[in-house]
Amino acid sequence: MSRQFGGRHELGQNFLVDQSVIADIGRIVAATEGPILEIGPGDGALTRPLSRLGRPITAVEIDPRRAKRLAEQTPGHVTVVNEDVLFHRVGGRPGVVVGNVPFHITTSTLRWLLAAPHWQAAVLLVQWEVARRRAGIGGASLLTARVWPWFEFEVHSRVSKRAFRPVPTVDGGLLVVRRRPTPLVAERDAYQRFVRAVFTGRGYGLREILTRSAGVPAPVAREWLRTHGVPANALPRDLTAEQWAALWRSVRHPRRMPSP
């Protein structure tokens with residue numbers, strides 16, 4: 001299934017033209033292994049240099065005219081698919097996902113990607129603030145905290161808005177996502193329900209949120225905060241991936257408290 005669109009404005013495309021940024025992305029991808037899945041190749045600014053790696057590339061482009069033109073201009077190991085990436089099913093052996101993600105579908109693209117199998121790393125050009133939030137810089141988002149036990153997020157660099165044509169209103173950020181070889185948490189669904197309850201819960205700081213909104217016994221909450229050096233008035237966004245995992249373990253398997 002795919003949606004058909006016509007013009008640049010409707011697609012919300014800001015094409016990457018800065019050769020130094022393109023080279024940076026190429027170097028990161030070259031350090032990975034396996035086939036390459038490219039999101040929104042457009043006119044092939046990334047596709048062509050990546051094709052020189054000699055690895056199989058599947059480029060998913062929603063614009064039928066650009067898809068046709070790119071297919072005619074790339075070598076045989078590049079497969080161009082005219083499809084909405086949000087409906088694309090990732091298959092085959094694990095590889096790397098790369099792309100200059102249209103800013104208006106960044107969140108939906110990240111949700112699609114984090115739910116997809118068969119990839120080990122992703123190199124994504126997104127809005128600067130989105131890259132920071134996903135990596136937990138200045139406070140993590142709910143989306144990041146929910147998937148942190150299974151994925152690592154790293155901001156590689158900030159990309160000036162002048163690296164795009166047309167020029168967007170904000171800078172971009174090069175975000176690198178890697179699937180953890182060993183997850184920090186085993187119970188995905190239960191953990192994610194817990195994280196959502198904490199993030200959306202009411203209370204002044206974590207201690208109140210945990211006890212009032214997330215159903216954590218007060219002694220367990222107090223002990224965990226004290227053990228990990230987390231202030232009682234800290235917010236859910238202030239926790240790291242490791243702290244979320246440790247908090248979940250404390251809630252899932254609380255230590256026996258001494259009798260009064």
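Predicted model only: the values in this text are computed from it and were never measured.
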Can you list everything that forms a side-chain hydrogen bond (donor to acceptor under 3.5 Å, both in side chains) with [X]? Sequence neighbours excluded, please.
X	answer
Arg93	none
Glu129	none
Asp238	none
Arg212	Glu208

Derivation of the salt bridge (charged side-chain N to carboxylate O under 4.0 Å, His left out) call for Asp18 and Arg162 = CA-CA 8 Å; Asp18 190 308; Arg162 289 181 290 276; over 6 Å; no

Any heavy-atom pair between the side chains of [Y] and [X] that's under 4.5 Å?
X	Y	answer
Glu38	Val81	no
Val195	Trp248	no
Val147	Phe153	yes
Val216	Leu247	no
Ile22	Leu46	yes
Leu125	Phe164	yes
Glu61	Asn82	no
Val60	Ile39	no

Exercise: identify the closest heavy-atom pair between [X] and [Y]:
X	Y	result
Val21	Ala163	CG2-CB, 4.5 Å
Ser250	Val220	O-CG1, 3.8 Å
Leu113	Ala122	CD2-CB, 3.8 Å
Val155	Ala131	CG2-O, 3.3 Å
Gly44	Pro49	O-CD, 4.1 Å
Asp63	Arg65	OD1-N, 3.0 Å

task = Could you check Ile62 against Glu83 for side-chain contact (heavy atoms from CB on, under 4.5 Å), going step by step and ending with a plain yes or no?
result = CA-CA 5 Å; Ile62 193 173; Glu83 187 179 20; over 6 Å; no

Hey, any chance [X] and [Y] share a hydrophobic cluster, counting ILVMFWY side chains that come within less than 4.5 Å of each other, even indirectly?
X	Y	answer
Trp224	Leu235	no
Val96	Ile28	yes
Val90	Val97	yes
Val251	Leu142	yes

message = Taking side-chain contact (heavy atoms from CB on, under 4.5 Å) as the criterion, tell me which of Asn233, Thr211, Leu239 meets it with Leu206.
response =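 Among Asn233, Thr211, Leu239, the one that satisfies the side-chain contact (heavy atoms from CB on, under 4.5 Å) with Leu206 is Leu239.
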
Measuring from atom [atom1] of [X] to atom [atom2] of [Y], what distance do you get when rounded to the nearest 0.5 angstrom?
X	Y	atom1	atom2	answer
Leu143	Leu114	CG	CG	6.0 Å
Leu210	Leu225	CG	CG	6.5 Å
Thr109	His104	OG1	NE2	8.5 Å
Phe194	Asp189	CZ	CG	15.0 Å
Leu86	Arg111	CG	CZ	12.0 Å
Arg207	Arg226	CZ	CZ	13.0 Å

inquiry  = The test is ring pair (Phe, Tyr, Trp, His ring centres under 6.0 Å); show your working for Trp150 and Tyr191 and say whether it passes.
reply    = CA-CA 12 Å; Trp150 298 273; Tyr191 166 83; 5.7 Å; yes

Throw together a table of side-chain donor-acceptor distances under 3.5 angstrom for residues 50-57, partners on residues two or more places apart or in other chains.
residue	atom	partner	partner atom	Å
Ser51	OG	Arg48	O	2.5
Arg55	NE	Gly34	O	2.8
Arg55	NH1	Val29	O	3.1
Arg55	NH1	Thr32	O	3.2
Arg55	NH2	Thr32	OG1	3.0
Arg55	NH2	Gly34	O	2.9

Say whether, by atom type as modelled, one donor and one acceptor occur between the side chain of [X] and the main chain of [Y] under 3.5 angstrom.
X	Y	result
Thr79	Thr58	no
Gln192	Arg146	yes
Asn14	Arg165	no
Trp112	His88	yes

ask   = Regarding Ser141 and Thr144, is there a side-chain donor-to-acceptor distance under 3.5 Å anywhere?
value =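 Side-chain D/A pair, Ser141 to Thr144: present.
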
ask   = Step by step, would you call Leu124 with Asn100 a side-chain contact (heavy atoms from CB on, under 4.5 Å)?
value = CA-CA 6 Å; Leu124 307 174; Asn100 173 22; over 6 Å; no

ask   = Counting heavy atoms not belonging to Arg132, are there more than 12 under 6.0 Å from its CZ?
value =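 For Arg132, atom CZ is crowded (more than 12 foreign heavy atoms under 6.0 Å).
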
inquiry  = Tell me whether Glu33 at atom CD has more than 12 heavy atoms from other residues, nucleotides or ligands lying less than 6.0 Å away.
reply    =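 Open: at most 12 neighbouring heavy atoms sit under 6.0 Å from CD of Glu33.
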
message = Below 30° counts as parallel, above 60° as perpendicular, anything between as tilted: where do the rings of Trp244 and Phe199 land?
response =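 Trp244 and Phe199: parallel rings.
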
Pairs under 3.5 angstrom only: tabulate donor-acceptor contacts from the side chains of residues 170-181 to other protein residues two or more places apart or in another chain.
residue	atom	partner	partner atom	Å
Asp171	OD1	Lys161	N	2.9
Asp171	OD2	Arg158	NE	3.0
Asp171	OD2	Arg158	NH2	3.3
Arg178	NH1	Glu154	OE1	3.0
Arg179	NE	Trp119	O	2.7
Arg179	NH2	Ala116	O	3.2
Arg179	NH2	Trp119	O	3.1
Arg180	NE	Trp148	O	2.7
Arg180	NH2	Trp148	O	3.2

